[in-house]
Amino acid sequence: MYEAKTSAIHSNAVITAIGTYVPDRILTNADLEKLVDTNDEWIMQRTGIQERRIASDNQFTSDLCFAAVHNMIERYAVTVTDVDYVIVATSTPDAIFPSVASQVQAHFGMNSSGAMDLQAACAGFAAGIQLANGLLLSGAYRKILIIGAETLSKITDYTDRTTCILFGDGAGAFLMEASNDGQGNVIAVHSKTDGAQGHMLYRSSLAPMLGEHPIQTNGLIVQNGREVYRWVVTQVAAGVCELLERSKLTTTDIDWFIPHSANMRIITSLCESTGFSIDQTLTSIRAFGNTSAASIPLAIDEAVKANKIKPGQLMLLYGFGGGLTQAGVVLRWSL
Ligand code: COA
């Protein structure tokens with residue numbers, strides 16, 4: 001039925017494998033109570049986060065990417081040595097350069113692959129799918145690996161109770177290939193950025209100012225939680241509706257809504273204002289916290305492993321966060 005209604009964009013990109021990885025170490029709300037003045041009840045009620053995974057001191061974003069791709073190879077028996085392009089969406093690269101994607105290329109011996117990191121914060125994974133779809137459609141490439149991966153624990157201020165309760169580490173990968181019949185999985189895309197609000201959520205580096213706003217330069221995450229919350233429930237909700245419109249679908253046509261797992265209270269508000277039900281919404285928030293670019297593939301993979309998602313089903317992925325930026329994709333699941 002949906003095929004007759006959808007003609008939003010062209011696509012020849014098919015998802016052929018998924019893999020994920022999270023570090024072993026768990027940071028619970030009880031652990032956080034020992035670090036800052038907080039408690040499990042407050043965190044659960046405000047965020048829905050029970051625990052997060054934390055990379056070890058010598059484990060970096062590239063290591064999480066390697067593990068997620070190994071997981072994908074083991075489960076789907078795919079080869080990656082012939083990948084044409086690697087895109088890693090991350091805000092926590094091991095180094096500014098070489099990119100994490102370059103390290104993935106080397107680790108797996110992808111001898112004729114291009115590589116780049118994509119920095120769109122929590123919108124990064126959906127932006128990566130948009131980019132991969134365009135590259136595959138152009139005919140320039142036939143096999144693209146997209147990874148969303150973060151070690152946010154390395155840039156989290158564990159003395160700031162308003163941020164340290166939120167963030168965790170993890171990685172998720174999709175393999176996307178050009179189909180031979182020209183039929184792809186991507187149905188519609190939408191992006192929107194409000195750069196003037198960038199100072200509301202940032203990780204500083206070299207510059208002491210963002211636009212006209214003086215910022216901290218300690219390299220850690222800083223946010224105005226209330227303003228970010230307000231932006232999500234108004235602007236991001238509007239963006240989700242715009243993506244639905246572009247896809248010519250309704251919330252009841254979509255089988256699964258996968259918003260970025262920022263926090264459960266935000267997701268509940270997004271559902272209320274967009275018309276999605278909580279039952280059709282997939283998140284990775286309870287067990288992994290906010291893992292930025294990794295949160296969407298982690299949520300999808302949890303549902304894949306639980307046999308919830310079936311081939312042919314429709315899903316709406318929607319990332320949002322630092323920038324402030326948003327990116328979403330409607331796609332048909334093919335695994
Ligand atoms: N534990 C206990 N109390 C806390 C706390 C914590 N971890 N963090 C803040 N508080 C306190 C505040 O100090 C404040 O106390 P006061 O009233 O005595 O001043 C009170 O709780 C309310 O603070 P406020 O900042 O208004 O809380 P909130 O209801 O807005 O919740 C967030 C804080 C961060 C959970 C919420 O703003 C939020 O979810 N924002 C969006 C953040 C986000 O998702 N960012 C990533 C986007 S990708």
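What's counted below: heavy atoms across the whole structure, side chains too, no hydrogens, waters or symmetry copies. Atoms within each ligand, like the ligands themselves, are counted from 1 in listed order.
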Could you pull out all residues at least two apart from Arg286 that satisfy salt bridge (charged side-chain N to carboxylate O under 4.0 Å, His left out)?
-> none
Please confirm whether the backbone N or O of Arg46 pairs with a side-chain atom of Arg265, one donor and one acceptor, at under 3.5 Å?
-> yes
Close-contact set for ligand 1 against Val228 heavy atoms, below 4.0 Å | 45 (N), 47 (C)
Closest candidate by heavy atom, reference atom 15 (O) of ligand 1, pool Met264, Arg161, Gln326, Glu227 = Arg161
Measure the OG-NE2 distance between Ser102 and His107 for me, rounded to the nearest 0.5 Å.
-> 14.5 Å
At a 4.0 Å threshold, what atoms of ligand 1 neighbour a non-hydrogen atom of Gly225?
-> 37 (O), 40 (N), 41 (C)
Is it possible for you to check whether Lys154 lies under 6.0 Å from the centre of the six-membered ring of Phe60, through NZ or CZ, and within 45° of that ring's axis?
-> yes
If we only count N/O pairs under 3.5 Å, is Asn39 in contact with ligand 1?
-> no
So among Thr61, Thr90, Asn290, which one has a side chain to side chain donor-acceptor pair (under 3.5 Å) with Glu150?
-> Thr90
Heavy-atom proximity to atom 1 (N) of ligand 1, best of Thr38, Val236, Val36 = Thr38
Could you list the atoms of ligand 1 found under 4.0 angstrom from a heavy atom of Arg265?
-> 28 (P), 29 (O), 31 (O)
protein heavy-atom neighbour closest to atom 39 (O) of ligand 1 works out as Asn263 ND2, 2.5 Å
Can you say whether the rings of Tyr141 and Tyr85 are parallel (under 30°), tilted (30 to 60°) or perpendicular (over 60°)?
-> perpendicular
Atoms of ligand 1 less than 4.0 Å from Ile165 heavy atoms?
-> 7 (N)
Check whether any protein heavy atom sits under 4.0 Å from atom 17 (O) of ligand 1.
-> no
Atoms of ligand 1, numbered as shown, that sit under 4.0 Å from any heavy atom of Ala262 = 44 (O)
With heavy atoms of Gly321 as the reference, note each atom of ligand 1 found under 4.0 Å away.
-> 48 (S)
Looking only at distances, please establish whether an N/O atom of ligand 1 is found under 3.5 Å from an N/O atom of Ile43.
-> no
Proximal atoms of ligand 1 relative to Phe320 (non-hydrogen, under 4.0 Å) = 48 (S)
Determine, using ring centers only, whether His70 and Tyr21 are less than 6.0 Å apart.
-> no
To the nearest 0.1 Å, how far is atom 45 (N) of ligand 1 from its closest protein heavy atom, and which atom is that?
-> Gln223 OE1, 2.9 Å
Residue, atom name and distance, where the atom is the protein heavy atom closest to atom 33 (C) of ligand 1 = Trp42 CH2, 3.8 Å
State which residue, out of Asp157, Leu166, Leu201, Asp160, fulfils the side chain to side chain contact (heavy atoms under 4.5 Å, CB included) condition with Ile221.
-> Leu201
Atom 44 (O) of ligand 1: of Ile266, Thr162, Leu324, the nearest heavy atom sits on Ile266
So, are Asp301 and Arg75 salt-bridged, with charged N and O less than 4.0 Å apart?
-> yes
Taking atom types as modelled, find out whether Thr151 and Asp169 have a side-chain donor-acceptor pair closer than 3.5 angstrom.
-> no
Ignoring angles and geometry beyond distance, decide whether Asn290 reaches within less than 3.5 Å of ligand 1 through its nitrogen or oxygen atoms.
-> no
Which is closest to atom 22 (C) of ligand 1 in terms of heavy atoms, Gln45, Arg46, Glu41, Arg230?
-> Arg46
Side chain proximity check, Ile258 to Ile300, heavy atoms < 4.5 angstrom | yes
Pairs involving residues 315-329, ordered by first then second residue, that meet side chain to side chain donor-acceptor pair (under 3.5 Å) (sequence neighbours left out) | Thr193-Thr325, Tyr318-Gln326
Give yes if a backbone or side-chain nitrogen or oxygen of Arg226 is under 3.5 Å from a nitrogen or oxygen of ligand 1, and no if not.
-> yes
Which ligand 1 atoms are under 4.0 Å away from a heavy-atom of Asp37?
-> 1 (N), 2 (C)
